[in-house]
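Reading through the structure tokens given below for one structure.
Heavy-atom basis, side chains included; hydrogens, waters and symmetry copies ignored. On a predicted model such as this, the values are computed, not experimentally measured, just so you know. All ligand and atom numbering here is 1-based and tracks the order in the structure.
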Amino acid sequence: MRTSVSSLSILLYILLLSAPLPLTQCGDLVGQICKKTPFYDLCVLSLQPNSGTDVKTLASKMANLVLSNVTDTLNFIQGLVKQETGTSLERPLADCAELYIPVVKYNLPQAIDALIRGRYGFADYVFSDVSKQADACEKNFSGEDESPLTDRNKLISNLCDVAVAIINILQKGF
Ligand SMILES: *[C@@H]1O[C@H](CO)[C@@H](O)[C@H](O)[C@H]1NC(C)=O
Ligand SMILES: *[C@@H]1O[C@H](CO)[C@@H](O)[C@H](O)[C@H]1NC(C)=O
């Protein structure tokens, strides 16, 4: 009798151990969220492996990723502007820098702050706008002057669209 009780408790223990852990649910949350965004693969790539435990944390992570991408691109543009001085690329590059400077300095930091404070409408507005700014920068290059920023602008625009979709989940639920 004693042996059977203890083997039963061992069996129970094993069953408990093999039950889904909260960790698995974290992974599911990223998948669940990313399915609601227009760029699933980019979303998953951006939010893993260090996945957060709730939608708001993941939204903040995406928002900060947008900021670091735009900051990196602005630095890249400012380097190119010096390199291309006097060429036909100088003007559109300078226009893009002018466009991205306030985004890095004010708009995105304000949007990230708004996100933390639960002012989702404002955050939503800013990320939608930055997505449009990236498109506007790209359009600044005419046919002959091929844009050296195409991949970066597209990535920024897509990251913003993912951020907007996640903020929408915060506002409206799944
Ligand atoms: C830009 O975003 C991509 C995709 O999430 C990420 O892999 C990359 O590290 C980011 N770049 C910077 C400079 O933050
Ligand atoms: C580039 O963008 C700026 C600001 O959006 C605009 O004023 C300018 O006319 C554009 N230049 C070209 C060549 O499209």
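Of the heavy atoms in Leu159, only side-chain atoms (C-beta onward) come closer than 4.0 Å to ligand 1.
In terms of the side chain to side chain donor-acceptor pair (under 3.5 Å) criterion, Ser68 has no residue partners (sequence neighbours excluded). Remark: Lys36 engages Ile169, Phe174 in a side chain to side chain contact (heavy atoms under 4.5 Å, CB included) (not counting sequence neighbours).
Here the protein heavy atom with the shortest distance to atom 7 (O) of ligand 1 is Leu45 CD2, 4.6 Å. Taking atom 3 (C) of ligand 1 as the reference point, the nearest protein heavy-atom neighbour is Asn69 ND2, 3.7 Å. Nearest to atom 5 (O) of ligand 1 among the protein's heavy atoms is Ser46 OG, 2.6 Å.
When all heavy atoms are compared, the tightest approach of Cys137 to Tyr100 is SG-CE1, 4.1 Å. Across Cys96 and Phe141, no two heavy atoms sit closer than the pair SG-CE1, 3.9 Å.
Each of the following atoms of ligand 1 lies closer than 4.0 Å to a heavy atom of Leu65: 5 (O). With ligand atoms numbered from 1 in the order given, ligand 1 contributes 12 (C), 13 (C), 14 (O) to contacts under 4.0 Å with heavy atoms of Ser68.
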Could you walk me through whether Arg117 and Asp113 pass the salt bridge (Lys or Arg N to Asp or Glu O under 4.0 Å) check? CA-CA 6 Å; Arg117 290 168 196 268; Asp113 186 59; 2.8 Å; yes
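At a threshold of 4.5 Å between non-hydrogen side-chain atoms, the residues Val126 and Gln110 do not count as touching.
Protein non-hydrogen atoms do not reach within 4.0 Å of atom 9 (O) of ligand 1.
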